[in-house]
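In listed order, ligands and their atoms are each counted from 1. In what follows, every heavy atom counts, from backbone to side chain, and hydrogens, waters and symmetry copies are set aside. Counting from 1, the numbers follow the sequence of the chain as shown.
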Amino acid sequence: MARDARPGGAARLGAGEVGPNGFREDVIAGLSQPQKALPPKYFYDARGSRLFEAICRLKEYYPTRSELALTRAHLGEIARFAGTRGSRAGALIEYGSGDGVKSRLLIEALRPAAYIPVDISGDALRGAAAKLRRLYPWLDIRPVHGDFSRPLKLPVALAKGRRVVYFPGSTIGNLTPEAAHAFLRMTRGQVGRGGAMLVGVDLKKDAALLHAAYNDARGVTAAFNLNLLARINRELGGDFKPRRFRHYAFYNPTLGRIEMHLVSLVRQAVNIGNYRFSFEAGESIHTENSYKYSIEGFRALAKSAGFKGGKTWLDSKGLFALHGLVAV
Ligand code: AVJ
């Protein structure tokens, strides 16, 4: 349901592009469930995006560094895989364009005719697009402000040639395996037969390492998680007292995922507009899942969604994977 980038200001909510009330409706619905939950896509307002960038620089948070290292180390091979036998790719579509360093590496190696960054954070998207336009005047850049968890309308006049979807950062880990399957199917339709996908996926690993990555010593991840409550206060007029909640993240080995929660420290009630939500002491709001996949596990998922596994690249420590897939 996303549309082309909207002018500044109008994008204030940055909500899931489901109309101006998407954020409010999702929050009310999420907090009305027996297990209260909020969609992680709402982490990324301006402050949340800055906090996420700070997370990416933490020594405990290995995914960003590992993915950048593996991309640098295997760039030539990655570009050969995603390109069209020596000639250029037509369009490079990137979901959740993030900090842009890896995007630049890929753009330079692939030299696509068009680059379509898709991001839920309007500010981050506009900033990144402006920078890339200065760096690559030859590149047709068409930002799409939107939520890639829904079918997207891509710019109509897309360049001819092979389509490549780049989905880095293990953002796919936010989706349940069922939703990831549906997402991969949708992407398969977007690139068409013979199109390619490069998807960064965090690997299953020692639980202590995972735990540290989501419970950093400086509390940046806690601030990122708690900012969701502050955002609800700012944008929806809620009266959350964030200090009455605690960041709680753990690895669930049975489901293969990190779960993030905000745990109420006391029995309390919170108002959002005309709605009132009660919390028991110890009751949680489930704010994020971050699924981890073995190499074989992810390949099987991609295969079931219409891709044949091409190649998998790893960083030298074997912490993170980049999967190259081809649509069949
Ligand atoms: C952006 C979804 C990949 O799951 O690791 C980082 C978000 N949450 N620390 C992740 C996140 C807490 C991140 N993703």
Side-chain angles (χ1 to χ4, degrees), residues 14 16 37-45 47-68 70-71 94-103 117-121 124-125 128 147-149 166-177 179-180 183-184 198-231 245-252 255-263 284-293 298 315 319-323:
L38 293 169
K41 65 185 178 187
Y42 295 118
F43 281 136
Y44 303 93
D45 65 349
R47 178 156 187 270
S49 298
R50 279 199 304 277
L51 285 166
F52 180 65
E53 282 163 27
I55 287 174
C56 293
R57 293 189 296 266
L58 292 169
K59 67 172 191 318
E60 295 100 327
Y61 194 73
Y62 61 84
T64 314
R65 228 170 292 114
S66 308
E67 189 177 36
L68 181 58
L70 81 83
T71 306
E94 180 171 353
Y95 289 128
S97 43
D99 75 342
V101 182
K102 289 175 302 238
S103 323
V118 183
D119 204 291
I120 188 149
S121 168
L125 187 66
D147 170 2
F148 47 72
S149 66
Y166 183 40
F167 193 33
S170 204
T171 306
I172 199 164
N174 271 171
L175 307 176
T176 61
F183 173 82
L184 288 169
L198 296 168
V199 47
V201 184
D202 196 12
L203 287 161
K204 286 194 165 136
K205 60 180 59 65
D206 176 49
L209 237 137
L210 286 168
H211 188 271
Y214 293 85
N215 291 278
D216 64 279
R218 286 172 49 210
V220 183
T221 309
F224 173 72
N225 199 4
L226 285 159
N227 177 57
L228 200 42
L229 304 184
R231 181 180 186 185
F245 289 83
R246 188 173 64 89
H247 165 71
Y248 181 55
F250 63 95
Y251 184 59
N252 181 332
L255 295 173
R257 71 188 192 193
I258 287 277
E259 290 185 24
M260 292 215 312
H261 294 254
L262 290 164
V263 178
S284 84
I285 310 173
H286 186 181
T287 52
E288 184 173 47
N289 289 320
S290 189
Y291 281 86
K292 313 300 173 186
Y293 290 92
F298 190 79
D315 63 294
L319 296 175
F320 198 95
L322 183 72
H323 290 272

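Ranking protein heavy atoms by distance to atom 3 (C) of ligand 1, first place goes to Gly169 O, 3.0 Å. Of the protein's heavy atoms, Ser290 OG, 2.6 Å lies nearest to atom 4 (O) of ligand 1.
Any N or O atom pair closer than 3.5 Å counts here, and Tyr61 shares at least one such pair with ligand 1.
With 3.5 Å as the limit, one finds no donor-acceptor pair spanning the side chains of Asn289 and Asn252. A donor and an acceptor atom, one from each side chain of Asn225 and Tyr248, are nowhere located under 3.5 Å apart. Counting only N and O atoms by type, the side chains of Tyr95 and Thr171 include no donor and acceptor under 3.5 Å apart.
The shortest heavy-atom distance from Phe43 to ligand 1 is not under 4.0 Å. The closest approach between Ser170 and ligand 1 falls below 4.0 Å for a heavy atom of the residue. Look at Tyr44 and you'll find a heavy atom under 4.0 Å from some atom of ligand 1. Within the structure, the closest approach of Gly173 to ligand 1 does not fall below 4.0 Å when heavy atoms are considered.
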Between Tyr62 and Phe320, does a ring pair (Phe, Tyr, Trp, His ring centres under 6.0 Å) hold up when you go through it step by step? CA-CA 8 Å; Tyr62 61 84; Phe320 198 95; 7.5 Å; no
Start with the C-alpha distance between His247 and Phe224, add both sets of side-chain angles, then the distance that settles ring pair (Phe, Tyr, Trp, His ring centres under 6.0 Å), and finish with yes or no. CA-CA 9 Å; His247 165 71; Phe224 173 72; 9.1 Å; no
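Between the Asp216 side chain and the Glu60 main chain, no donor and acceptor come within less than 3.5 Å of each other.
Close approach of ligand 1 to Phe224 is summarised as follows: ligand atoms under 4.0 Å from at least one heavy atom of the residue are 8 (N). Using a 4.0 Å cut-off to heavy atoms of Asn174, the atoms of ligand 1 that qualify are 2 (C).
Atom CG of Asn174 sits about 10.5 Å away from atom OH of Tyr291, to the nearest 0.5 Å.
Atom 7 (C) of ligand 1 has its nearest heavy-atom neighbour, among Glu288, Glu60, Glu67, in Glu288.
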